[in-house]
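What's counted below: heavy atoms across the whole structure, side chains too, no hydrogens, waters or symmetry copies.
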Amino acid sequence: MAKHILYDAEVVVNSVDLSDHVESVEFPAGLNSHPAAAMSDIQDYDLPGTQTVGPVVVNFYQDYAASKVYATLQPLWANRTTFTMTVKATTAGDSATNPKFSASFFLASAPFIGAARGDRHMVQATFNVAGALTFDVS
């Protein structure tokens with residue numbers, strides 16, 4: 001299997017492409033586990049349960065210009081809006097080797113100002129899942 005270097009990820013929040021302001025993105029998925037050992041078993045073990053997604057964490061370079069980071073995130077937070085967010089490993093078309101992950105989210109947290117004098121002005125936004133995850137490969 002080929003190795004992959006992430007340098008061209010696509011992050012679209014509420015139809016606004018913020019990819020050019022993304023330093024890093026993490027889109028975790030997992031499974032809940034449930035104990036399944038019975039009284040006669042001498043070992044503990046689990047069975048896979050429901051799927052879990054997120055929270056998705058994106059580190060943005062802050063920008064207060066129209067249609068950029070602050071102008072996109074602040075109204076979503078202020079209005080407690082759920083919205084669609086999509087993430088892909090590259091900006092290339094959706095395919096089996098570049099699936100687009102999409103779900104409904106809400107903005108759980110984002111510091112609108114956060115840096116020391118002389119630092120890069122970054123925003124670590126946390127997006128919680130509010131709907132089912134889909135994988136688009138076409």
Side-chain angles (χ1 to χ4, degrees):
M1 176 177 220
K3 294 182 174 48
H4 185 261
I5 303 298
L6 187 66
Y7 66 90
D8 186 28
E10 180 178 276
V11 177
V12 177
V13 177
N14 198 35
S15 301
V16 179
D17 188 345
L18 296 175
S19 303
D20 64 341
H21 283 66
V22 173
E23 178 194 45
S24 64
V25 58
E26 181 178 348
F27 201 126
L31 293 174
N32 287 315
S33 62
H34 300 280
M39 287 294 176
S40 61
D41 292 331
I42 62 169
Q43 294 179 337
D44 291 332
Y45 58 92
D46 294 339
L47 291 175
T50 55
Q51 297 172 337
T52 61
V53 179
V56 172
V57 177
V58 182
N59 288 315
F60 292 106
Y61 291 95
Q62 181 60 292
D63 188 338
Y64 295 103
S67 298
K68 293 302 178 187
V69 177
Y70 178 79
T72 300
L73 299 183
Q74 191 279 335
L76 297 174
W77 171 80
N79 297 314
R80 298 181 296 157
T81 304
T82 58
F83 53 87
T84 300
M85 182 167 71
T86 62
V87 177
K88 294 192 305 183
T90 75
T91 56
D94 305 350
S95 67
T97 58
N98 189 38
K100 177 170 59 177
F101 305 100
S102 180
S104 290
F105 289 88
F106 65 92
L107 181 59
S109 68
F112 294 127
I113 296 178
R117 181 181 179 275
D119 285 350
R120 300 174 306 153
H121 193 180
M122 304 298 292
V123 172
Q124 185 177 68
T126 302
F127 301 93
N128 285 3
V129 179
L133 174 65
T134 62
F135 304 85
D136 189 1
V137 294
S138 60

Atom [atom1] of [X] and atom [atom2] of [Y]: how far apart are they, to the nearest 0.5 Å?
X      : Y      : atom1 : atom2 : value
Lys88  : Ser19  : NZ    : OG    : 9.0 Å
Leu18  : Ser67  : CG    : OG    : 9.0 Å
Asn32  : Leu47  : CG    : CG    : 12.5 Å
His21  : Gln62  : NE2   : CD    : 8.5 Å
Thr86  : Asp94  : OG1   : CG    : 8.5 Å
Ser104 : Asn128 : OG    : CG    : 13.0 Å

Next item on the list: Identify whether Met122 and Val22 are in the same connected component of the hydrophobic contact network (ILVMFWY, side-chain heavy atoms under 4.5 Å).
Entry: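 Result: no, two separate clusters.
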
Note to self: For residues Leu133 and Val137: do they belong to one hydrophobic cluster (side chain heavy atoms under 4.5 Å, members Ile, Leu, Val, Met, Phe, Trp, Tyr)?
What the structure shows: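 Result: no, two separate clusters.
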
Taking only residues two or more places apart in sequence or in another chain, which ones pass side chain to side chain donor-acceptor pair (under 3.5 Å) with [X]?
X      : value
Gln51  : none
Thr134 : none
Thr81  : none
Gln124 : Asn59

Next item on the list: Could you check if a side-chain atom of Phe105 sits within less than 4.5 angstrom of a side-chain atom of Thr82, using non-hydrogen atoms only?
Entry: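 No, side chains not in contact.
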
Next item on the list: Compare all side-chain heavy atoms of Phe27 with those of Val53 and state whether any distance is below 4.5 angstrom.
Entry: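 Yes. Closest side-chain heavy atoms under 4.5 Å.
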
Pairs of donor and acceptor atoms involving the side chains of residues 110-121, under 3.5 Å and at least two apart or interchain, shall be tabulated with distances.
from   : atom 1 : to     : atom 2 : distance (Å)
Asp119 : OD2    : Ala116 : N      : 3.2
Arg120 : NH1    : Glu23  : OE2    : 2.6
Arg120 : NH1    : Tyr61  : OH     : 3.2
Arg120 : NH2    : Glu23  : OE2    : 3.1
His121 : NE2    : Gly114 : N      : 3.3

Would you name the heavy atoms of [X] and [Y] that are closest together and state the gap between them?
X      : Y      : value
Pro55  : Thr126 : CB-CG2, 3.7 Å
His34  : Thr50  : NE2-N, 4.5 Å
Gln43  : Tyr45  : O-CD2, 3.7 Å
Leu107 : Phe83  : N-CE2, 3.8 Å
Ala125 : Leu73  : CB-CD1, 4.2 Å
Ala36  : Asp41  : O-OD2, 4.3 Å

Distance-only check: which donor-acceptor pairs under 3.5 Å involve side-chain atoms of residues 5-16, not counting sequence neighbours?
from : atom 1 : to    : atom 2 : distance (Å)
Asp8 : OD1    : Thr91 : OG1    : 3.3
Asp8 : OD2    : Thr91 : N      : 3.3
Asp8 : OD2    : Thr91 : OG1    : 2.8

Note to self: Evaluate Thr90 against His4 for side-chain contact (heavy atoms from CB on, under 4.5 Å), listing each step before the verdict.
What the structure shows: CA-CA 10 Å; Thr90 75; His4 185 261; 3.9 Å; yes

Notebook entry, point to check: Would a distance-only check, ignoring hydrogens and angles, find a side-chain to backbone donor-acceptor pair under 3.5 Å from Asp46 to Ser33?
Noted result: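 Between the backbone of Ser33 and the side chain of Asp46 there is no qualifying donor-acceptor contact (under 3.5 Å).
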
Next item on the list: Determine yes or no for a side-chain-to-main-chain donor-acceptor pair under 3.5 angstrom, with Asn98 supplying the side chain and Gly93 the backbone.
Entry: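 Pair found, side chain donor or acceptor close to backbone of Gly93.
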
Next item on the list: Begin with the C-alpha distance, continue with both residues' side-chain angles, and end with the deciding distance and a verdict on ring pair (Phe, Tyr, Trp, His ring centres under 6.0 Å) for Phe135 and Phe101.
Entry: CA-CA 5 Å; Phe135 304 85; Phe101 305 100; 5.3 Å; yes

